[in-house]
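Encoded as structure tokens, the structure appears first; notes follow it.
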Amino acid sequence: MSEFDRHPGGRPPHSHLPPDPALRVMALETLLVRKGLIDPSALDEIADHYANRVGPRNGAIVVAKSWLDPSFRESLLRDATGTVSSLGFTGRQGEHIVAVENTPDIHNIVVCTLCSCYPWTLLGLPPAWYKSDAYRSRTIREPRSVLAEFGVNLLQSQKVRVWDSTAEVRYLVVPMRPDGTEGMTEDQLAGIIARDCMIGTALPRLPEPGQ
């Protein structure tokens with residue numbers, strides 16, 4: 001089990017909120033509901049929309065199109081916000097998108113060091129580990145070690161580029177297309193592009209024979 005699957009340690013003595021991000025959110029939500037500032041049913045609707053109706057499928061479609069269409073890829077790398085908007089992928093947390101492309105020489109990984117800024121319209125809701133203190137701090141200090149814990153072992157010749165997502169800019173990693181995918185359709189390609197591939201903590205993989 002990696003560090004990102006465990007809860008952080010005990011509460012610092014000066015902290016007024018739990019150290020676990022999920023518990024922080026619950027505490028803040030409870031406070032806001034009690035004050036009548038938010039409607040819990042509206043929060044449930046937002047969460048359901050991004051977790052179950054958007055999810056990472058939108059981002060996978062964008063990446064698959066970039067693999068198949070060189071002109072779309074160029075447009076995506078030049079103006080990701082406008083390009084994904086042309087597909088109808090717009091909304092909260094997706095106003096300013098930058099696409100960064102993995103190459104044989106460079107591997108990209110995204111983190112939000114301040115909170116959990118993330119392109120909801122393309123990837124759905126961020127995973128719990130993305131919001132953890134361990135991921136947020138260690139990805140900046142030791143990105144290769146973090147990637148290795150996720151099972152991404154890079155060649156020493158490959159550089160790692162870390163992108164710090166903010167409220168102003170959110171990033172989409174465009175992974176390299178795997179060998180053996182020639183002749184696959186856009187829908188088939190999208191099926192091998194997991195959410196974590198577009199954060200940079202995984203690589204697209206063909207399904208095992210028989211799957």
* Asked: Do Ile193 and Trp67 come within less than 4.5 Å of each other through their side chains, counting heavy atoms only?
  -> yes
* Can you get from Met176 to Val62 by hopping between Ile, Leu, Val, Met, Phe, Trp and Tyr side chains that sit under 4.5 Å apart? -> no
* Test applied, side-chain contact (heavy atoms from CB on, under 4.5 Å); reference residue, Lys65; option that passes from Val63, Ile61, Leu68 -> Ile61
* Structure fact -> CD of Glu142 to CD1 of Ile140, rounded to nearest 0.5 Å, is 11.5 Å
* Asked: Going through the distances and angles, do Tyr118 and Leu125 end up as a side-chain contact (heavy atoms from CB on, under 4.5 Å)?
  -> CA-CA 8 Å; Tyr118 186 86; Leu125 296 177; 5.9 Å; no
* Structure fact -> When every non-hydrogen atom of Ala190 is compared with those of Ala60, the smallest separation belongs to O-CB, 3.5 Å
* Asked: Once the angle between the rings of Tyr135 and Phe150 is folded into 0 to 90°, is it parallel (under 30°), tilted (30 to 60°) or perpendicular (over 60°)?
  -> perpendicular
* To do: Tell me, with the steps shown, if Trp129 and Thr201 meet side-chain contact (heavy atoms from CB on, under 4.5 Å).
  => CA-CA 11 Å; Trp129 55 259; Thr201 55; 3.4 Å; yes
* Asked: At what distance, to the nearest 0.5 angstrom, does CG of Asp69 lie from CD of Glu74?
  -> 9.0 Å
* Pair Glu186-Leu189, side-chain contact (heavy atoms from CB on, under 4.5 Å): steps then yes or no -> CA-CA 5 Å; Glu186 179 183 303; Leu189 289 171; 5.7 Å; no
* State the CE-CZ distance between Met184 and Arg177, to the nearest 0.5 angstrom. => 8.0 Å
* Compare all side-chain heavy atoms of Thr166 with those of Leu114 and state whether any distance is below 4.5 angstrom. => no
* **Residue pair Pro143 / Val160: nearest heavy atoms and the distance that separates them** => CB-CG1, 3.7 Å
* Would a distance-only check, ignoring hydrogens and angles, find a side-chain to backbone donor-acceptor pair under 3.5 Å from Asp105 to Lys159? -> no
* Main-chain N/O of Ser75 paired with Thr83 side-chain donor or acceptor, under 3.5 Å -> yes
* Are Ile106 and Val146 connected, step by step, through hydrophobic side chains (Ile, Leu, Val, Met, Phe, Trp, Tyr) whose heavy atoms are closer than 4.5 Å? -> no
* Are Leu76 and Leu87 in one and the same hydrophobic cluster, where Ile, Leu, Val, Met, Phe, Trp and Tyr link if side-chain heavy atoms are under 4.5 Å apart? -> yes
* Asked: If only atom types and distance count, is the side chain of Asp164 paired as donor or acceptor with the main-chain N or O of Thr113 below 3.5 Å?
  -> yes
* Structure fact -> The ring-ring contact (aromatic ring centres under 6.0 Å, His included) partners of Tyr171 (sequence neighbours excluded) come to Trp163
* To do: State, to 0.1 Å, how close Pro126 and Ser116 come at their nearest heavy-atom pair, and which atoms those are.
  => CG-O, 4.4 Å
* Would you call Arg57-Asp187 a salt bridge at under 4.0 Å N-O? -> yes
* Consider only side-chain heavy atoms of I, L, V, M, F, W and Y, link residues closer than 4.5 Å, and tell whether Leu77 and Val169 are in one cluster. => no
* Nearest 0.5 Å please: distance from the CD atom of Gln158 over to the OG1 atom of Thr103. => 7.5 Å
* Say whether, by atom type as modelled, one donor and one acceptor occur between the side chain of Asn102 and the main chain of His107 under 3.5 angstrom. => no
* Evaluation steps, side-chain contact (heavy atoms from CB on, under 4.5 Å), between Ile97 and Phe89 -> CA-CA 11 Å; Ile97 304 293; Phe89 302 150; over 6 Å; no
* Asked: Between Pro204 and Cys197, what is the shortest heavy-atom contact and its length?
  -> N-SG, 3.4 Å
* Donor-acceptor pair, Glu182 side chain versus Gly180 backbone, under 3.5 Å? -> yes
* Structure fact -> Nearest heavy-atom contact between Pro178 and Thr181 is O-OG1, 2.8 Å
* Would you give the length of the straight line joining atom NZ of Lys131 to atom SG of Cys112, rounded to the nearest 0.5 angstrom? => 11.5 Å
* Asked: Where the side chain of Arg170 meets the backbone of Ser165, is there a donor-acceptor pair that is under 3.5 Å apart?
  -> no
* **Close side-chain approach of Leu123 to Leu172, heavy-atom, < 4.5 Å** => yes
* **Test applied, side-chain contact (heavy atoms from CB on, under 4.5 Å); reference residue, Val152; option that passes from Asp196, Leu203, Ile109** => Leu203
